[in-house]
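Worksheet: the structure to be examined is printed underneath.
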Amino acid sequence: MRIFDVTLTISPDMPVWPGDPPVLLERIASTDSGDEVNLSRLCMSVHAGTHVDAPFHFLGGKTATVDQLALSDLSGRVYVLQFDDRIKIITREILVQSGIPARTRRLLLKTGNSHFWEKGEMRFQTDFTALTPGAASYLVERGIKLVGVDYLSVAPFAEGAPTHKILLEAGIIIVEGLDLSQISPGRYTLFCLPLKLLSSDGAPARVILIRS
Ligand SMILES: [Zn+2]
């Protein structure tokens, strides 16, 4: 059994969505300074780093918040699909031809985005690969329950709402900010565990893949 950690390390240097607060992770007590313990505090958007979007993020009202998502949807069998690095936008046609296996319920999309993490790129990238609304509709038709991507949004930078809304209205859980650079395509077992934040639109998650 091999365990792969596909979680980004949370650090003050990590890229965050333009306009979101930077990650603050600071030591507020230190044994080096004579304190009894080392003690840190964390202040960040719940959409920094590897994280889960709940329907409430875009839909509001009485839609599900992150603490209400089913663990049975978040973890289980998953298929990792890899796209050519040159693909900058994933359309419905590309997904149709990509060979998603029958009965796939959880799907992770590995694209050229994972090179950003591999290279340690800390500047926010606007030209990341993402899904069109048509691609999102195809995932709904295919009965997908969870989709994960390797940059900070499932949707193109300039046009976030349509793709997100199609997925979230169908109850598809979105996982963003995965580092899939070390992952070969194929079948794994996924464990995606977002922090249990009361009534939150999203939450940072530790995400691992297991190949047996
Ligand atoms: Zn998000």
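The shown structure was predicted, so the numbers you read here are calculated from the model rather than taken from an experiment. In listed order, ligands and their atoms are each counted from 1.
- The closest side-chain donor-acceptor pair between Y188 and R211 falls under 3.5 angstrom.
- Excluding waters, the protein N/O/S atoms found under 2.8 Å from the Zn ion (ligand 1) are H47 ND1, H51 NE2, D53 OD1, E176 OE1.
- Applying the salt bridge (Lys or Arg N to Asp or Glu O under 4.0 Å) criterion to R2, with sequence neighbours excluded, gives no partner residue.
- Counted by atom type alone, D5 and T7 present one or more donor-acceptor pairs between their side chains at under 3.5 Å.
- Under the rule for a salt bridge (Lys or Arg N to Asp or Glu O under 4.0 Å), R103 has no partner lying at least two apart in sequence or in another chain.
- Smallest separation of non-hydrogen atoms from F56 and G61: CE1-O, 3.5 Å.
- Among residues at least two apart or in separate chains, ring-ring contact (aromatic ring centres under 6.0 Å, His included) pairs with a member in residues 28-53 are H47-H51, H47-H57.
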